[in-house]
Amino acid sequence: MKLNNSFYQRNDTIKMAKELIGKFLYTNFDGQLTGGMIVETEAYMGVTDSSCHTFNNRKTNRNATMYNQGGVIYMYVCYGIHDMLNIVTGNEGDSQVILIRAIEPLKGIEKMIERRGDVPLKRLAKGPGSLAKALGLKRIHDSISLLEEEIWIENKGFKFDSDSIIESPRVGLGCPEPYFSMPWRFFLKGNAYVSGKTKVVS
DNA sequence: TATGGGATTACCT
DNA sequence: GGTAATCCCATAC
């Protein structure tokens, strides 16, 4: 079943980032259904998190969507090239979001290959830039709802015990400690579609 | 108004 | 492992 506001509008973004592992993310643009199982996420914890776009209450045209109430998406462009998909969580005025970093492709694989070019299945939606491209998501989709027909997340009842969800520091940050090392990245242990290093940091 | 850098990826050696 | 591609926004004049 489709996740709704009772999931997205809670105030525990770290817990939600963990819970999104094993959920199913879909997009449906122009009648083309594409998607797969979420295997890697990162939590960005809002105005106190120095790696977060809203650190120090920063508010610009780019990041305004992060302050919306949970249940919409925040899209932003990194390095001028890559579009990134974030799930907005919590209440209006909060700015915590969850970056979706990788899915295991399941639906519309042909269409995703068409969008991505000829890459191996293992790399089709591995890493946030690749994932957004495979699903047809761009900056112009910023602020669209997860409760409508273009993008949504489903719970299919898959459960993983806590040993299977690995925590690690987030990837690619340039911010100072302590946020640099906060263990706010989560991924499914041993899954071939997780990006980057999968080494366990304890 | 100008400049520097980033939640990355792909392709090179 | 090194680096180019390439755009929005923060910061500095």
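Residue numbers begin at 1 in each chain, while the letters A, B, ... track the order of the sequences.
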Rounded to whole angstroms, how far apart are [atom1] on [X] and [atom2] on [N]?
{"X": "A:M75", "N": "C:dC9", "atom1": "CE", "atom2": "P", "result": "14 Å"}
{"X": "A:M45", "N": "B:dA7", "atom1": "CE", "atom2": "C1'", "result": "15 Å"}
{"X": "A:I98", "N": "B:dA7", "atom1": "CD1", "atom2": "C1'", "result": "14 Å"}
{"X": "A:M84", "N": "C:dC9", "atom1": "CE", "atom2": "C1'", "result": "16 Å"}

*side-chain N/O A:R62 vs C:dC7 OP1/OP2, d < 4.0 Å*: no
*May I ask you to evaluate whether A:R58 reaches the phosphate of C:dC9, defined as a side-chain N or O under 4.0 Å from OP1 or OP2?*
no
*Please answer whether the main-chain N or O of A:Y179 pairs with a side-chain N or O of A:S50 as donor and acceptor at a distance below 3.5 Å.*
no
*asked:* Determine whether a donor-acceptor pair (N or O, by modelled atom type, separation under 3.5 Å) exists between the side chain of A:D30 and the backbone of A:Q32.
replied: no
*Should the heavy atoms of other residues, nucleotides or ligands under 6.0 Å from CG of A:D161 be counted, would the total exceed 12?*
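Buried by this count: over 12 neighbours within 6.0 Å.
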*asked:* Is the terminal nitrogen or CZ of A:R58 (NZ for Lys, CZ for Arg) located under 6.0 angstrom from the six-membered ring centre of A:F55 and within 45° of that ring's axis?
replied: no
*So, A:Y76 and B:dA7: ring centres less than 5.5 Å apart, planes less than 30° off, yes or no?*
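Whether judged by distance or by angle, A:Y76 falls short somewhere, so it does not stack on the base of B:dA7.
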*Could you tell me whether A:K59 contacts a base, only the sugar-phosphate backbone, or nothing, with contacts defined as non-hydrogen atoms closer than 4.0 Å?*
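The answer is nothing, as A:K59 stays clear of every strand by at least 4.0 Å.
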*How is A:L173 classified with respect to the nucleic acid when contacts are heavy atoms under 4.0 Å: base, sugar-phosphate, or nothing?*
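Here A:L173 touches the backbone only, sparing every base.
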*Mind checking who C:dG1 pairs with, Watson-Crick or G-U wobble, both distances under 3.5 Å?*
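In the structure as shown, C:dG1 has B:dC12 as its Watson-Crick or wobble partner.
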*Should C:dT6 form a Watson-Crick or G-U wobble pair with both distances under 3.5 Å, which nucleotide is its partner?*
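Answer to the pairing question: none, since C:dT6 forms no Watson-Crick or G-U pair.
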_Both A:G174 and A:R116 contact DNA chain B. Taking the nearest nucleotide for each, which residue is further toward the 5' end?_
A:G174
Pairwise [atom1] distance for [N] and [M], with rounding to whole Å:
{"N": "B:dG5", "M": "C:dT3", "atom1": "C1'", "result": "16 Å"}
{"N": "C:dC8", "M": "B:dA10", "atom1": "C1'", "result": "22 Å"}
{"N": "B:dG4", "M": "C:dA4", "atom1": "P", "result": "16 Å"}

*asked:* Does the plane of the ring in A:H141 sit parallel, tilted or perpendicular to the ring in A:F29? Use 30° and 60° as the thresholds.
replied: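 Because their plane-to-plane angle is under 30°, the rings of A:H141 and A:F29 count as parallel.
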*Decide yes or no, distance alone: a donor-acceptor N/O pair under 3.5 angstrom between the base of B:dA7 and the side-chain of A:H53.*
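Looking at the base of B:dA7, it does pair with a donor or acceptor on the side chain of A:H53 (distance under 3.5 Å).
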